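Worksheet: the structure to be examined is printed underneath.
Each residue takes its place number in the sequence, starting with 1. Both ligands and their constituent atoms are indexed starting at 1 by order of listing. What's counted below: heavy atoms across the whole structure, side chains too, no hydrogens, waters or symmetry copies. Computed from a predicted model, the values in this text were never measured in an experiment.
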Amino acid sequence: MLPVVNHDARGSRLERALRGRVRGEVRFDAKSRLLYSTDASIYQILPIGVVVPLDAADAEAAIRVAAEEGVPVLPRGGGTGLAGQTVGAALVLDFSKRMNRILEIDPDRRRARVQPGVRLDRLNRAAAPHGLQFGPDPATIRQCVLGGMIGNNSCGARSLVYGKTGDHVHGLHCILADGGCTHFGPVQRADIPTLPGREGDLARQVMSLLEPERERILARYPKVPRRVSGYNFDTLLEAPELNLAQLLVGSEGTLATVVEAELGLVPVPAHRGLVLLAFSGRFDSMDAIAAILPEPGLSALEIVDDRVLRGARELLEYRDTAALVSPDARGVLFVEFSGDSAEEVAGLAHDFAARAPGLPGSPTPGVYLDKLAQFNAWALRQAATGLLYRTTAHRDIKPTEFVEDTGIPPEKLGA
Ligand SMILES: Cc1cc2nc3c(=O)[nH]c(=O)nc-3n(C[C@H](O)[C@H](O)[C@H](O)COP(=O)(O)OP(=O)(O)OC[C@H]3O[C@@H](n4cnc5c(N)ncnc54)[C@H](O)[C@@H]3O)c2cc1C
């Protein structure tokens, strides 16, 4: 059901003020507000209005106006967040449309400077001629943008090797809630007392709040490599240098708006090989995971179950790839190895495949070393969420699909 679009007095005042001071699009019409009222989640909340900033100065102007009017701001990237992060009764700032320039790629330092609306696949294409890429690779690589990845602290199938987005963020140019512009980057801890400007004031304030709670924070933050919930207080306390950019990573736009990011790049692995393990039981495939994690050269370990495979078999696009595993398979593990030479990767993959039948659930392995087969297999894995949504068992019922990510220790997955 579509929500009723009211134009309230607060919205009218805000719109007038924005039109006077912002050069980019200012959209308060019903259609725009409806369009921006949803994202990839199940939630729908009408924004007060939408601004499409042309550059950092434009975003700064919009945030200043919002602060003067007492209206919250909500930065938005690709809108692929699954938990409603980009919907809210706020002034939405869409960075994906105009602030999407790659400002610099420095192959020697393995760094990139980007505006927040740069799509991840575009950054990777630009870095590829230098043999580089951005490490984290969410399944939404063709839709998500770097600002949104920073907001969510996104990670992907290769998080075993590359960790989370925050592990690759060196510095951020941000606009704070009052419209002030600040840069956050690494700071020697000894320099904090004399650090000038907003960054210095904030560094001292944040650390004076965190230090008294140091013991409790470090004891109680879950020791899960892919933890992306909550503010990164543990990183601020533990890292050798202080970098307030790390506080913004994963903060879902609640602390500041990123208008430029300095990011680290990683070498594109020279060679990759994939082993698909087909299990006759869905939970068996989960039981095997803990035993596979210590494998040398492992760069990705992902799972799909028979519901995804069933959906894949129904679609021409994925049918051939789904046929790589037996129709009886109830669970499939994608086990990827990376290395510097084709021989090394082939050795790792074949050695693992030879031992795989001894894993819990006695899976049947298949080794894929050519690029096209691997590309197709990963395309199926990346489509898994969409394929899960294809609930065709009861065609007269339209289910409401949603995804909630949870974290479970690998050794307890099948339990
Ligand atoms: C099918 C599917 C598969 C997915 N797979 C993965 C996966 O493998 N790994 C993973 O981590 N996630 C995954 N996701 C979730 C999501 O796609 C990623 O987290 C993605 O990186 C979010 O990027 P985005 O540009 O869409 O961000 P958005 O959804 O637009 O925004 C995400 C958050 O960042 C904030 N934000 C946006 N821009 C800025 C800015 N300029 N300054 C400050 N904050 C900002 C927003 O306010 C919001 O809180 C998946 C989602 C779907 C639908």
Side-chain angles (χ1 to χ4, degrees), residues 36 38-43 47 51-53 55-56 59-60 62-63 72-88 90-100 114-123 134-159 162-167 169 172-177 184 225-229 245 247-261 300 302-303 308 334 378-390 401-405 407:
Y36 283 91
T38 60
D39 57 8
S41 71
I42 52 170
Y43 305 106
V51 164
V52 180
D55 51 28
E60 188 179 335
I63 292 172
V73 292
L74 181 54
R76 178 173 173 124
T80 67
L82 293 160
Q85 295 98 313
T86 57
V87 296
L91 178 67
V92 168
L93 302 182
D94 178 356
F95 287 97
S96 67
K97 190 170 174 187
R98 302 299 293 268
M99 287 187 63
N100 52 19
V114 299
Q115 290 187 322
V118 170
R119 254 185 17 224
L120 176 57
D121 64 341
R122 272 192 56 224
L123 175 61
F134 189 68
D137 58 342
T140 45
I141 184 165
R142 279 176 287 279
Q143 294 86 28
C144 72
V145 303
L146 271 306
M149 290 183 70
I150 292 166
N152 278 358
N153 201 3
S154 308
C155 41
R158 299 188 176 87
S159 64
Y162 301 125
K164 301 175 281 192
T165 294
D167 299 322
V169 170
L172 296 175
H173 281 280
C174 298
I175 299 170
L176 302 174
F184 295 116
R226 268 175 84 150
R227 180 191 62 77
V228 294
S229 323
L247 183 59
L248 303 190
V249 170
S251 67
E252 297 184 354
T254 56
L255 299 178
T257 298
V258 177
V259 288
E260 188 182 310
E302 294 278 314
I303 193 166
V308 173
F334 287 52
W378 282 114
L380 188 158
R381 170 62 191 89
Q382 284 171 351
T385 314
L387 291 169
L388 271 179
Y389 289 170
R390 284 175 53 83
E401 313 95 352
F402 68 99
V403 174
E404 274 298 346
D405 282 341

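You'll find the side chain of Val308 reaches within 4.5 Å of the side chain of Leu380, heavy atoms only. Ile63 is not listed as a side-chain neighbour of Glu60, based on a closest heavy-atom distance of 4.5 Å or more. Between Val145 and Val118, the closest side-chain pair of non-hydrogen atoms is not below 4.5 Å.
The shortest N/O to N/O separation between Ser154 and ligand 1 falls below 3.5 Å. Considering backbone and side-chain atoms alike, Gly156 places every N or O at 3.5 Å or more from each N or O of ligand 1. Considering both main-chain and side-chain atoms, Gly79 comes within under 3.5 Å of ligand 1 through a nitrogen or oxygen pair. Between Gly78 and ligand 1, a contact under 3.5 Å exists for at least one N or O pair. Annotation: Phe95 places no N or O atom under 3.5 Å from an N or O atom of ligand 1; distance criterion only. The shortest N or O to N or O distance between Thr385 and ligand 1 is not under 3.5 Å. For ligand 1, the polar-atom distance check against Glu252 finds a nitrogen or oxygen pair separated by under 3.5 Å. By the 3.5 Å distance cut-off applied to N or O atoms, Pro75 is counted among the residues near ligand 1.
Residues forming a side-chain contact (heavy atoms from CB on, under 4.5 Å) with Pro53 (at least two apart in sequence, or on another chain): Val51, Asp58, Ala59, Phe95, Met99. Every residue meeting the side-chain contact (heavy atoms from CB on, under 4.5 Å) condition with Arg142, not counting sequence neighbours, appears here in chain and number order: Asp121, Gln382.
Residue contacts with ligand 1, taken as heavy atom pairs separated by less than 4.0 Å, involve Thr86 solely via side-chain atoms from C-beta onward. In Thr80, the parts holding a heavy atom less than 4.0 Å from any atom of ligand 1 are both the side chain and the backbone. Residue contacts with ligand 1, taken as heavy atom pairs separated by less than 4.0 Å, do not involve Leu93 at all.
Which of Cys174, Gly253, Cys144 comes nearest to atom 23 (O) of ligand 1 through a heavy atom is settled by distance: it is Cys144. Evaluated by nearest non-hydrogen atom to atom 29 (O) of ligand 1, the leading choice among Gly386, Gly81, Ala384 is Gly81. Around atom 9 (N) of ligand 1, the closest heavy atom drawn from Ala139, Cys155, Pro138 belongs to Cys155. The residue among Pro116, Gly151, Ala256 with a heavy atom at the shortest distance from atom 43 (C) of ligand 1 is Ala256.
Scanning the protein for heavy atoms near atom 41 (N) of ligand 1, the closest one is Val258 O, 3.0 Å. Nearest non-hydrogen protein atom to atom 32 (C) of ligand 1 is Asn152 OD1, 3.3 Å. Considering only non-hydrogen protein atoms, atom 27 (O) of ligand 1 sits nearest to Gly148 CA, 3.2 Å.
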| request: Determine, step by step, whether Leu146 and Val258 satisfy the side chain to side chain contact (heavy atoms under 4.5 Å, CB included) criterion, reporting the C-alpha distance in whole Å, the side-chain angles of both residues, the deciding distance to 0.1 Å, and the verdict. | output: CA-CA 10 Å; Leu146 271 306; Val258 177; over 6 Å; no
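Here is the list of ligand 1 atoms found below 4.0 Å of a heavy atom in Met149: 21 (O), 23 (O). Short contacts between ligand 1 and Leu82, defined as distances under 4.0 Å to a heavy atom of the residue, involve ligand atoms 50 (C), 51 (C), 52 (C), 53 (C). For ligand 1, the atoms closer than 4.0 angstrom to any heavy atom of Val145 are 25 (O).
Applying the 6.0 Å contact sphere to CZ of Arg122 captures more than 12 heavy atoms from other residues, nucleotides or ligands.
By the 4.0 Å heavy-atom criterion, Thr257 is counted among the residues contacting ligand 1.
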